*Asks:* 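Next up is a structure, given as structure tokens.
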Amino acid sequence: MRIGYPCLNRSLPCTAGSTFRLKSFSRERLEASVAANLACLEAILDYNLARGFLYFRISSDLVPFASHPVCDVDWHQTFNADFRAIGRRMRVGGMRIAMHPDQFTLLNSPTPDIRKRSVAELDYHAQVLDAMELASDAKIQIHIGGVYGQRSEALARFIEGYQGLSEPVRRRLVIENDDRQYCLREALDLHARCGVPVLFDVLHDQILPSGFSISEALRRTEATWARKDGLPLMDYSQQRTGGRVGAHAEHLRPAPFRRFLDDSQGFDFDLMLEIKDKERSAALALKCAHNDPRLIVKRHLLHDATQ
DNA sequence: CCTGGTCAAGTCTCG
DNA sequence: CGAGACTTGACCAGG
């Protein structure tokens with residue numbers, strides 16, 4: 001088990017996903033942003049490796065507007081050496097990496113143009129992970145998409161879209177149960193029909209319940225991951241008290257987290273903590289898990305991680 | 001400088 | 001039928 005947090009580090013004075021307005025797009029502007037984002041990503045990786053956070057989600061804004069028609073810049077080529085160096089550091093450090101395109105990426109939209117733009121966006125995400133020369137355990141996670149008034153047709157369109165994806169995308173794509181439209185059962189059904197691995201999101205499953213216990217959900221999702229996919233990925237969050245249903249908590253509450261660690265014994269996975277305070281909760285989670293036999297971390301780092 | 005309105009994109013729900 | 005949520009920060013225009 002590795003533990004991590006998504007995209008942003010609040011302790012460092014930089015972000016690895018800084019962007020700009022579309023109307024100020026230029027080659028110079030793009031290259032300046034990518035250079036700054038890659039430098040910050042390196043700083044975050046150093047920070048994470050020093051503290052034992054071995055799972056990280058890279059911001060989709062690493063290369064702003066990469067899949068937009070306005071972007072004719074060959075960033076892949078220009079920053080090739082930087083991507084390779086960062087990827088090497090990730091591999092040497094034993095880090096697990098994922099990306100999560102946002103809600104505009106919809107493989108199952110009835111609108112062909114939206115599907116086409118979504119495929120372009122997925123191609124971009126795969127290009128980033130490929131440029132880092134990461135193995136097929138570096139994943140791209142998306143939700144199944146919209147319902148459009150016809151669940152069965154929407155699911156069929158997802159399968160069609162999935163099967164039409166390029167190999168570089170398909171080897172990395174996984175689907176996540178969401179909290180509004182498609183619960184874990186439907187994600188598992190999709191796996192049975194097209195083979196896409198299923199990423200289990202604990203909070204979403206509480207809001208839109210599959211009815212499975214934690215261990216039953218883990219048993220079923222684990223079976224959707226092949227050896228080449230690596231350890232199953234999981235999203236863990238907690239409901240913000242007094243917030244909208246599904247709103248992520250500001251800080252990790254240790255008691256429910258410890259209960260989750262107990263409930264999930266016997267299963268191994270890499271765990272993404274979607275908590276607003278980011279690395280602070282990741283540190284607390286490491287502390288909660290410090291006696292857990294599943295945890296992959298250099299033990300001498302545990303002390304630092306809790307300071 | 002500082003502030004706050006606004007930002008590529010889609011879909012669903014609610015008033 | 002239009003606005004807001006999703007999730008969220010930070011860009012950047014204008015004072």
Side-chain angles (χ1 to χ4, degrees), chain A residues 5-26 28-34 36-37 40-41 44 57-73 75 98-125 140-151 153-155 157-158 161 175-183 186 201 203-204 206-208 235-240 242-251 272-281:
Chain A
Y5 60 95
C7 304
L8 302 172
N9 179 302
R10 310 200 109 108
S11 307
L12 294 171
C14 65
T15 69
S18 70
T19 182
F20 48 86
R21 299 294 157 90
L22 178 58
K23 64 181 185 216
S24 45
F25 187 96
S26 69
E28 294 70 30
R29 190 68 196 265
L30 180 85
E31 291 183 347
S33 284
V34 174
N37 287 341
C40 184
L41 181 56
I44 294 175
R57 181 186 298 165
I58 300 172
S59 167
S60 293
D61 282 330
L62 187 71
V63 184
F65 304 106
S67 73
H68 192 283
V70 79
C71 184
D72 57 352
V73 179
W75 52 270
M99 296 183 82
H100 192 344
D102 66 25
Q103 73 268 31
F104 304 110
T105 302
L106 294 154
L107 264 190
N108 75 343
S109 172
T111 311
D113 197 48
I114 292 169
R115 291 200 300 272
K116 196 174 133 201
R117 288 202 299 270
S118 297
V119 168
E121 182 71 357
L122 290 172
D123 285 340
Y124 150 65
H125 282 77
I140 301 168
Q141 64 184 95
I142 59 171
H143 295 290
I144 295 167
V147 173
Y148 312 97
Q150 256 294 3
R151 218 157 251 277
E153 286 178 18
L155 289 167
R157 268 197 312 275
F158 180 92
I175 53 169
E176 174 187 350
N177 58 302
D178 67 73
D179 60 356
R180 316 285 295 195
Q181 321 295 345
Y182 294 107
C183 80
E186 291 169 300
D201 184 306
L203 180 61
H204 290 168
Q206 285 165 13
I207 296 166
L208 187 67
D235 283 353
Y236 179 89
S237 189
Q238 294 172 345
Q239 173 68 46
R240 165 180 242 150
R244 277 182 320 278
V245 171
H248 292 170
E250 190 68 34
H251 307 294
M272 180 61 66
L273 290 165
E274 294 184 319
I275 307 283
K276 302 261 193 178
D277 66 6
K278 306 287 177 180
E279 73 279 4
R280 185 175 150 190
S281 281

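All figures in this text were calculated on a predicted structure; none of them were measured in a lab.
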*Asks:* Tell me which nucleotide among B:dA8, B:dT11, C:dG9 gets nearest to the side chain of A:I114.
*Replies:* B:dT11

*Asks:* Taking the side chain of A:H68 as its heavy atoms from C-beta onward, which of B:dA8, C:dT8, B:dG10 lies nearest to it?
*Replies:*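 It is B:dA8.
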
*Asks:* Starting the side chain at C-beta, find the nucleotide from B:dA9, C:dA10, B:dC12 nearest to A:E121.
*Replies:*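 Taking heavy atoms from C-beta onward, the closest nucleotide is B:dA9.
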
*Asks:* Do A:R280's NZ or CZ and the ring of A:Y5 fall within the cation-pi criteria of under 6.0 Å and 45°?
*Replies:*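 Ring-cation test returns no.
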
*Asks:* Among C:dC12, B:dA8, C:dT8, find the nucleotide with the atom closest to the side chain of A:S24.
*Replies:*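 The answer is C:dC12.
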
*Asks:* Could you tell me the Watson-Crick or G-U partner of C:dT7, where both distances fall under 3.5 Å? Say none if there is no partner.
*Replies:*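 Pair assignment: C:dT7 / none.
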
*Asks:* What nucleotide, of B:dT11, C:dG9, B:dG10, holds the atom closest to the side chain of A:Q103?
*Replies:*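 Given the options B:dT11, C:dG9, B:dG10, the side chain of A:Q103 is closest to B:dG10.
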
*Asks:* Considering only side-chain heavy atoms of A:F104, which listed nucleotide, B:dT11, C:dG9, B:dA9, is closest?
*Replies:* B:dA9

*Asks:* Establish, with yes or no, whether the OP1 or OP2 oxygen of B:dG10 is under 4.0 angstrom from a side-chain nitrogen or oxygen of A:R115.
*Replies:* no

*Asks:* Tell me whether A:E279 is salt-bridged to A:R10, with the criterion being a basic N under 4.0 Å from an acidic carboxylate O.
*Replies:*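 Between A:R10 and A:E279 there is no salt bridge, as every charged N stays at least 4.0 Å from the carboxylate O atoms.
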
*Asks:* Among C:dG9, C:dT8, B:dG10, which is the nearest nucleotide to the side chain of A:L106?
*Replies:*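 For A:L106, the side-chain atoms sit closest to B:dG10.
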
*Asks:* Counting heavy atoms from C-beta on, name the nucleotide in B:dT11, B:dA9, B:dA8 closest to the side chain of A:S67.
*Replies:*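 For A:S67, the side-chain atoms sit closest to B:dA8.
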
*Asks:* What does B:dA9 pair with, Watson-Crick or G-U, if both distances are under 3.5 Å?
*Replies:* none

*Asks:* May I have the step-by-step check of side chain to side chain donor-acceptor pair (under 3.5 Å) for A:H143 and A:Q181, ending in yes or no?
*Replies:* CA-CA 9 Å; A:H143 295 290; A:Q181 321 295 345; over 6 Å; no

*Asks:* Distance check: side-chain N/O of A:R10 vs OP1/OP2 of C:dA10, anything under 4.0 Å?
*Replies:*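 No, because none of the side-chain N or O atoms of A:R10 sits under 4.0 Å from OP1 or OP2 of C:dA10.
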
*Asks:* Checking contacts here: which listed nucleotide (B:dA8, C:dG9, C:dT8) is nearest the side-chain heavy atoms of A:H248?
*Replies:*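 So the nucleotide nearest the side chain must be C:dT8.
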
*Asks:* Name the closest nucleotide to the A:Y148 side chain, picking from B:dC12, B:dT13, C:dT8.
*Replies:* B:dC12

*Asks:* Hey, does A:R240 reach any base, or is it just sugar-phosphate, or nothing, if we go heavy atoms under 4.0 Å?
*Replies:* nothing

